[in-house]
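Chain letters run A, B, ... following the sequence lines, proteins first and then strands; every chain starts at 1.
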Amino acid sequence: MDTIQITLPDGATREVPSGTTAAQIATQISPRLGKEALVARADGELVDLSRPLDHNIKLSILTAKDPDAVQVFRHSAAHLLAAAVLELYPHVKLGVGPPIDTGFFYEFVREQPFTLEDLEKIEAKMHELAAKDVPNERKLLPKAEALELYRKANQEFKCELIEEKAIEPMVSFYTTGKFIDFCRGPHIPSTGRIKAFKLMSVAGAYWKGQEGNPQMQRIYGACFVDQKELDEYLHKLEEAKRRDHRKLGTDLDLFSIQDEAGPGLIFWHPKGAIIRREMEDWLRAELTRRGYDLVFTPHVMRLELWKTSGHANFYRENMFAPMEVEKADYQLKPMNCPGHILIYKSRLRSYRELPIRLAELGTVYRYERSGVLHGLLRVRGFTQDDAHIFCMPEQIEKEVQDCVEFAWEVLRVFGFERYEVELSGGDPLRPQDYAGTPEEWKHAEDALTNTLKRMNVPYKFMPGEAAFYGPKIDVKLVDAIGRPWQLSTVQFDFNLPGRFDLEYVGEDGSRHQPLMVHRALWGSVERFFGVLIEQYAGAFPAWLAPVQASVLPVSGKFEEYAKQVTQQLKDAGIRVHLDDRNEKLQAKIRDAQLQKIPYMLILGGKEVEANTVAVRHRAKGDLGPRSLDQFIADLKSEINSRAAV
RNA sequence: GCCGAGGUAGCUCAGUGGUAGAGCAGCCGAUUCGUAAUCGGCAGGUCGCGAGUUCAACUCUCGCCCUCGGCUCCA
């Protein structure tokens, strides 16, 4: 019999008879590996463990430690879901069922909606099928036969997939017991190991994710190889709920959204407003330090202006409808750029002035479809920490670099440690959605790429994600529980300077067109605030905390002293609250803790006697007594350093 | 926008056609208390809005408003 040579990842080689499977090799290496193996990688390609190997090959045996293997595992779990659904509801039509980051989903078409009770039944059926340890077997069918099979079963979506995806005459299927599914694979050998999963929700989804296509019911499941990981994930979801800025916004009285006013419109309550003011004060100082000029521009401007800028064309879907005033149409601004451009254009500019950096905390209004609104993170009215930089070509890379560095300073000051950078380019297949020529786009993308490379910033290239007027660098930050949020953005613009005939007089005395960079670091004050609430779980560092210290007299007897202390703190510029309610100390402490107030000053007989304050920190607990002056000095230094405690 | 689930007191939630409930918060009183909830009382509602069915609607039907989850991740 022929032998073939298997090269393992450590370089070792093995001679085995042709037709040996990866599973057999795994068991040879060690019985334990044989048991833990989920799937194999042969010459870089994922294959079933049961696939007979017939030529010399580089082989890795993958276990749950390999992320790709986990995805295969989840994909098999998706098949298990479909198998269970088909047993319970034989007439459903099948869509697709891929793995996702935390599990899997599968799509179905069924007349009646799946209810929560249905999900329970399906989950039980999945466990039942898993317990039988049914093998996942690969089968090859001629394309015509495959189509015929699905036609008979009325599975028109599967037919569509085969028509689109099958390039070879034979197409692969996987069977899980009675269930058979058109699938490239690979899969784990059998269902027995799929135990740690939980069906989470059922949601509507368009076929192939495209609006206008039929809607399917998508059943989502969380799924991990180990129960422990599933438990951790479910715990993380609980944690996320606890930190949800919408809940904390109400609990801590930071902001609200009101039906009477309209969806996606934010009311900043006094405590939220304090945080915003501190944030803005920091930002304005930083902008000034970095050579930006702060401006203000109107909220409504003539529609004509938005035609010039191209927004009325490219951005129409996201704008509020124009309003008519004295027979002229006015447009509520969805962006700040045209306003800043008008300031630039208000007089002739010299190359000596460049770069000109115009910054504005500019409030904009955008029409977002009702289904996409989400707390502070996706709203219809918001304030961007916007700026537009007008510069000469030779200045552009430096300006972009400064923006990216500024963005990092923002992340540092607000306590974010993890971030991801994306470079978003145009979509070459949809040039009609973008302003400017392909050459201009290439030039701009190159400039951004160079900057990132020079700064040694790892980034992902995202084609088709650019703004309509130019490519951009986006900084997405990763919050405490691993979710990414897009905030900072630095966007090139080869469009507006031309549309508005922007010019400057160069050294040569003739007129040139400046380049333009749009940038926002928080993205919007609202979104950044929302992320910040979740980042700190509402426990803001002292410099941002709406109430920095709460004075808690042990009983009414010490009210006089408490009032004195409170006034001294106020005089020192500390945001302080006196809790003089007729409550026990424990209750006052509890309420201060729940309000996440950084410091509590407990005042009783001992403190009056010694003229001290007993300090309790919301996280560190009882810190003992000290003089009020000492406390004030310590707190002021904590505030001034913007310590992230 | 679309699919699904929801909307009952400030908050969290119970209430399957027959006089709207609880806990917390609030107010009043008692208590004067040492590091995460003192006790008692009172008040609080157009049951999201509007139509309809019914002797009777928080409850059933229809329309609208709003909220939540999802709608990118290739068999």
How far, in whole Å, is rG63(B) from rA22(B) if one measures between their C1' atoms? 34 Å
With sugar-phosphate meaning primed atoms plus P, OP1 and OP2, does R218(A) contact a base, only sugar-phosphate, or nothing at under 4.0 Å between heavy atoms? sugar-phosphate
Across every strand shown, the nucleotide meeting Watson-Crick or G-U wobble geometry with rU67(B) (both distances under 3.5 Å) is rA5(B)
In K139(A), R138(A), K158(A), the residue satisfying salt bridge (Lys or Arg N to Asp or Glu O under 4.0 Å) with D181(A) is K158(A)
Nearest whole Å is fine: how far is rA5(B) C1' from L119(A) CG? 12 Å
Can you tell me, in whole Å, how much space there is between the P of rC33(B) and that of rA14(B)? 42 Å
Which whole number of Å gives the distance between the C1' atom of rC39(B) and that of rG48(B)? 37 Å
Can you check whether R74(A) has a side-chain N or O nearer than 4.0 Å to OP1 or OP2 of rC73(B)? no
Looking at rC2(B), does its base get a donor-acceptor pair with the side chain of Q215(A) below 3.5 Å? yes
Any side-chain N or O of R246(A) under 4.0 Å from OP1/OP2 of rC68(B)? yes
What is the distance from CE of M200(A) to P of rA5(B), rounded to the nearest Å? 19 Å
Heavy atoms only, 4.0 Å cut-off, all strands: where does E164(A) land among base, sugar-phosphate and nothing? nothing
rC74(B), rA36(B), rC66(B): which one has an atom nearest the side-chain heavy atoms of P263(A)? rC66(B)
E422(A) CD to rC73(B) P: how many Å, rounded? 16 Å
Which is true for A592(A) with a 4.0 Å heavy-atom rule: it touches a base, it touches only sugar-phosphate, or it touches nothing? nothing
Closest to the V554(A) side chain: rA37(B), rC73(B), rC33(B)? rC33(B)
Same-atom distance (C1') from rU59(B) to rG52(B), integer angstrom: 15 Å
Give me the distance, rounded to whole Å, that separates rU12(B) from rG7(B) when you measure between the C1' atoms they each carry. 14 Å
Indicate, with a heavy-atom threshold strictly under 4.0 Å, whether L552(A) touches base, sugar-phosphate, or nothing. nothing
Check the phosphate of rU67(B) against H374(A), side-chain N and O only, distance under 4.0 Å to OP1 or OP2. Yes or no? no
With the side chain defined as heavy atoms from C-beta on, I589(A) is closest, among rG34(B), rA36(B), rC71(B), to rA36(B)
Please report the distance, rounded to the nearest Å, between CD1 in I266(A) and P in rU67(B). 10 Å
In terms of relative ring orientation, are F105(A) and Y220(A) parallel, tilted or perpendicular, with 30° and 60° separating the classes? tilted
Donor-acceptor pair present, E607(A) side chain and rG34(B) base, under 3.5 Å: yes
C1'-based separation of rG15(B) from rU53(B) [nearest Å]: 23 Å
May I have the distance from R581(A) (atom CZ) to rC39(B) (atom P), rounded to whole angstrom? 14 Å
By the 4.0 Å heavy-atom rule, please label G209(A) as base, sugar-phosphate, or nothing. sugar-phosphate
Is D259(A) touching bases, backbone alone, or none of the nucleic acid, heavy atoms closer than 4.0 Å? sugar-phosphate
Paired to rG26(B) by Watson-Crick or G-U wobble criteria (both distances under 3.5 Å) is rC42(B)
Any strand is fair game: report the nucleotide pairing with rU35(B) by Watson-Crick or G-U wobble, both distances under 3.5 Å, or none. none
OP1 or OP2 of rC71(B) less than 4.0 angstrom from a side-chain nitrogen or oxygen of Y220(A), does that happen here? yes
In whole Å, what is the span from the CZ atom of R378(A) to the P atom of rC68(B)? 13 Å
Side chain of A614(A) (C-beta onward), nearest among rA36(B), rA37(B), rU35(B): rU35(B)
With no hydrogens and no angle check, just 3.5 Å: does a side-chain donor-acceptor pair link R74(A) and Q71(A)? yes
Flag the pair F320(A) / Y367(A) as yes when their ring centroid distance falls below 6.0 Å, and as no otherwise. no
To the nearest angstrom, the CD1-C1' distance between I100(A) and rC71(B) comes to 13 Å
Gap between atoms CG and P, on L46(A) and rC74(B) respectively (whole Å): 13 Å
NA contact type, K208(A), heavy-atom cut-off 4.0 Å: base, sugar-phosphate, or nothing? nothing
For the P atoms, the ones on rA51(B) and on rG21(B), what distance do you get once it is rounded to whole angstrom? 26 Å
Taking for each residue the nucleotide of RNA chain B bearing the nearest heavy atom, is the 5' side occupied by Y206(A) or by P113(A)? Y206(A)
Using a distance-only test with no angle check, is there a side-chain donor-acceptor pair under 3.5 angstrom linking S424(A) and E422(A)? no
side-chain contact (heavy atoms from CB on, under 4.5 Å) assessment of R110(A) paired with H91(A): CA-CA 8 Å; R110(A) 177 175 176 242; H91(A) 300 296; over 6 Å; no
So which nucleotide does rC58(B) pair with, by the Watson-Crick or G-U wobble rule with both distances under 3.5 Å? none
Pick the C1' atom in rC13(B) and in rC58(B), then give their distance to the nearest Å. 15 Å
Would you indicate what G605(A) reaches in the nucleic acid, counting non-hydrogen atoms under 4.0 angstrom: base, sugar-phosphate, or nothing? base
cation_pi(R184(A), F173(A)) dist<6.0 Å, angle<=45: no
Is there a side-chain contact between K557(A) and the phosphate of rC33(B), meaning an N or O under 4.0 Å from OP1 or OP2? yes
Do D591(A) and Q595(A) have side-chain atoms, one donor and one acceptor, less than 3.5 Å apart? no
Could you tell me if the side chain of L94(A) sits less than 4.5 Å from the side chain of F157(A), heavy atoms only? no
When the nearest nucleotide of RNA chain B is assigned to G375(A) and to R369(A) on a heavy-atom basis, which residue is associated with the more 5' position? R369(A)
